[in-house]
Amino acid sequence: MASAIEAENLVKTFGDVRALDGVSLDVPEGTVLGLLGPNGAGKTTAVRVLTTLLQPDSGRAAVAGVDVLKHPNEVRSLIGLSGQYAAVDEYLTGRENLQMVGELYQMSARDAKKRALELLEWFNLSDAMDRTAKTYSGGMRRRLDLAAALVVRPPVMFLDEPTTGLDPRNRLALWEVIETLVEQGTTLLLTTQYLDEADRLAHDIVVVDHGKVIARGSADELKAEIGGERIEVVVHHPDLVPEAVAALTPFAKGDPAVEKNTRRITVPVSGGARVLADAIRELDARSIEIDDIGLRRPTLDDVFLSLTGHATEDEDAADEGGAAAKKGRRGHGKDA
Amino acid sequence: MTTALPDAAIGPVPVVRRRGAAATLHDSWVVAKRNLRRMTRIPEIVVFGLMQPVMFVLLFSYVMGGAIVIPGAPPGHDVYIQYLMAGIFAQTVTFAVAGASAGIAEDMTKGLVDRFRSLPMSRAAVLTGRTLADLVQTAFTVVVLALVALLVGWRIHDGVLNALAAFGLLLMVGYAFSWIGALIGLSVRSPEAATSAGLIWLFPLTFISNAFVPVSSMPGWLQPIAYWNPFSSTVQACRSLFGNQIGPVPDAWPMQHAVLVSIGWSVLITVVFSWLSVRKYRRAAG
C-alpha cells in the first residue's frame with residue numbers, strides 16, 4: 001500500500017532541547033497512526049514539521065507523495081489540521097470562520113459558502129452559525145475547529161490531541177466522527193496522551209519520548225510488550241503470602257511478582273473479570289484473608305514505566321525548556 | 001454531533017488556481033474582510049482610536065492655542081486651529097502603528113496563525129490583510145476628525161482637489177506606518193507589549209516636528225532634526241495642500257519639497273518594512 005505520510009530521520013532542536021531526535025514514520029493510505037507520548041515528547045513538533053509549520057534541522061518528509069520541504073504549498077492544499085487549541089477566530093461567527101478558511105483554501109466564495117453550511121449542519125452547529133465563536137462552549141469550538149480542517153475534504157488529516165480537555169460525551173462524539181472519516185478513506189495522524197484513544201482509533205501506534213521513537217506496533221502488540229493485564233492482591237497476613245502465590249500460580253501467564261513490605265502480589269493473567277472471579281474463589285477456598293484485590297489493565301503510564309523506566313509526569317521540565325526556547329509563544333511551544 | 005457524514009464528505013472540492021499577485025491580492029482581501037468584521041464586533045477599538053485625536057484637537061486649540069504664537073499671525077484659537085490640523089491629521093494616521101502591532105501580536109499568540117500557516121495561501125496575506133483593514137479604519141478616523149475640526153473652526157483654503165490630495169497623502173503615510181506596526185507586532189511577545197512598543201516612539205517623532213509649534217521656536221541644534229524628520233514633511237505637505245500655511249514656508253529643503261519628500265518616505269517605509277515583516281512572518285514559527 002502506498003504511504004500517505006512518510007518521515008525519515010527528522011531532527012529538530014530548540015536550544016538545548018532535542019524536540020525531534022531522528023524520528024521516522026510511515027502511515028499507509030487509509031490508516032490511522034496514533035502518535036503517543038507524554039507532554040514534551042515531541043508529538044506536536046512532529047505534527048508541525050509534517051504540516052509545514054516548522055522547518056526541521058535535518059531529515060525528509062512527504063505527505064500524499066509530495067515533499068514537505070520542497071513543495072510546502074502543495075502539501076497545504078492536501079491536508080487538514082486540527083489542534084489542541086481550537087484555531088478559530090473568536091470574533092467571527094461559525095459560518096464566517098468556515099467560509100474564510102474555504103476561501104483561503106482557494107475555493108470560490110460561492111463554493112466556500114455552500115461548503116460552510118454543509119459542515120455546520122453535519123457538526124450540529126447550524127443553530128449557532130450566526131453567533132460569534134466567542135459564545136461557543138469548548139466542545140462547540142472544537143467541533144468548529146475540526147470542521148475547518150475538513151473544508152477541502154483533505155485526503156490526509158493531522159489531529160493534535162483532538163480530545164484533550166473534552167468531557168466524555170464530546171470525546172465519544174468526536175471519536176465517532178473520526179471513525180467515519182477513516183471509513184471514507186481519510187489517512188489520519190493522531191497525537192494523544194491517552195492509550196484508550198489510540199486503542200480505539202489507531203491501526204498502528206508509535207510511542208515517542210525525548211524526541212525518539214521508543215516503540216511501534218499495534219495496540220495489542222504494545223500491550224503484550226508491557227505485560228497485558230494482571231491481578232494485584234494485597235494479603236492481610238505476611239505469613240500467608242507464599243500460600244497466596246501458590247493459589248494464584250495456576251492463573252498466571254508469567255512469573256508472579258511479590259513485594260514483601262506491602263504484601264502485594266502481582267500476577268500477569270489473561271481472561272479478564274472471569275479470571276479475577278476464579279482467583280477470588282480460590283483464595284477464599286483456602287481461607288486467605290485479603291485487604292485488596294483488583295484487575296489492572298496497562299495504562300500509558302505502564303507503557304512508559306516499562307519502556308523508559310520513568311512515568312509521564314517527569315516530562316514537565318523538558319516541556320518548559322522547549323517552550324522557553326521558542327520565545328514563550330504559546331502557539332509554538334505547547335509540546336516540545 | 002452527526003455521526004455519519006454523507007458520502008459527499010470525500011473527494012476533492014473545486015478550487016480556483018490563482019498565481020502570483022492575483023493570489024496575494026485575493027488572500028489579502030479575505031484576511032482584510034476578517035479584520036474589518038472584527039472591528040465591527042469590537043467597536044471599542046475604533047471608538048477609542050477616534051477619541052484620542054479629537055481630544056488633542058480640543059485640548060491643543062482651546063487650552064494651548066492662545067499661548068502658541070505662529071510667526072506672522074496674531075495669537076488665538078481661530079488662527080492656531082488652522083495651523084494645528086495638519087499636525088493632528090498626520091499624527092492620527094501614524095497611530096495606525098498601534099493597531100497593526102497589537103492586532104498582529106495578538107494573532108501570533110493564538111492558534112489561529114497556525115491555521116493560516118497550514119493553508120495554501122499567500123505568506124504575505126495575514127500581514128497585508130491587516131494593514132489594508134487598518135487603512136480603512138484610518139480613513140474612517142480621518143473623515144470623522146475632519147468633521148469635528150470643521151465644527152470647531154478649521155477651514156480648507158485651497159480648494160477641494162488639493163484637500164483630497166492631502167487626504168490621499170495622509171492615507172499613504174498611514175499605510176506605511178502600519179507596516180512598521182506589523183514588524184513591531186511580530187517582534188514582541190505579547191499584545192500588551194506591542195501596544196506600548198507601537199506608541200512610545202511616536203511621541204518624540206510627532207512632537208520634535210512642525211506639527212504643534214513652529215520649528216523656528218525650537219533650540220538651534222534641534223531645528224535640523226525637526227526639519228528632516230519625515231513626519232514634518234507630511235505635516236508641511238498637508239498644511240500647504242489645505243491652504244493652512246501662515247507666512248512663508250520654512251527655507252529647509254524638506255519643507256520646500258514636502259509633498260515629494262513625504263511620498264518618498266512613505267514608499268521607502270512601505271517597501272522596507274513590508275519586506276522585513278513578511279520575512280519575519282515566514283520565520284516566526286520556523
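Proteins get letters first, then strands, A, B, ... in listed order; numbering begins at 1 in each. None of these values were measured; they are calculated from a predicted model.
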Which bit of [X] comes within less than 4.5 Å of chain B, counting heavy atoms only: side chain, backbone, both or neither?
X	result
A:Ala109	neither
A:Ala149	both
A:Val75	neither

Should we say atom CG of B:Leu147 is surrounded by more than 12 heavy atoms from elsewhere, each under 6.0 Å from it?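 Count over threshold, so yes.
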
Verify the neighbour count for atom NZ of B:Lys33: are there more than 12 heavy atoms of other residues, nucleotides or ligands below 6.0 Å?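 Buried by this count: over 12 neighbours within 6.0 Å.
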
Counting a contact as any heavy-atom pair under 4.5 Å apart, which residues of residues 89-99 of chain A contact chain B?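 Against chain B, the residues of residues 89-99 of chain A that fall inside the cut-off (heavy atoms, under 4.5 Å) are A:Asp89, A:Tyr91, A:Leu92, A:Thr93, A:Glu96.
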
Under a 4.5 Å cut-off applied to non-hydrogen side-chain atoms, are B:Val30 and A:Met100 in contact?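 Counting from C-beta outward, B:Val30 and A:Met100 do come under 4.5 Å.
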
Can you measure from CG (B:Asp27) to CD (A:Glu103) and round to the nearest 0.5 angstrom?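 Interatomic distance, B:Asp27 CG to A:Glu103 CD, rounded to 0.5 Å: 9.5 Å.
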
Can you tell me how far apart NE2 (B:His26) and CG (A:Leu104) are? Round to the nearest 0.5 Å.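 Answer rounded to 0.5 Å: 7.0 Å.
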
Heavy atoms under 4.5 Å from chain A: which residues of residues 40-59 of chain B carry them?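 So the qualifying residues are B:Arg41, B:Ile42.
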
Those residues of residues 118-134 of chain B, ordered by number, that approach chain A below 4.5 Å (heavy atom to heavy atom):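 Residues of residues 118-134 of chain B touching chain A at under 4.5 Å: B:Ser118, B:Leu119, B:Pro120, B:Met121, B:Arg123.
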
For each of A:Asp111, A:Leu78, A:Asn73, tally heavy-atom pairs with chain B at distances under 4.5 Å, and name the one with the top tally.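 It is A:Asn73.
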
Locate the shortest heavy-atom distance separating A:Leu53 from B:Arg117; write the atom from each residue and the value.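 Where A:Leu53 meets B:Arg117 most closely, the heavy atoms are O-NH2, 3.0 Å.
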
Going by ring-ring contact (aromatic ring centres under 6.0 Å, His included), name the residues that satisfy it together with B:Phe167, two or more places apart in sequence or in a different chain.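 Once residues adjacent in sequence are excluded, the partners of B:Phe167 under the ring-ring contact (aromatic ring centres under 6.0 Å, His included) criterion are B:Phe89, B:Phe242.
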
Let me know if B:Arg34 has heavy atoms under 4.5 Å from chain A in its side chain, its backbone, both or neither.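 Interface part for B:Arg34: both.
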
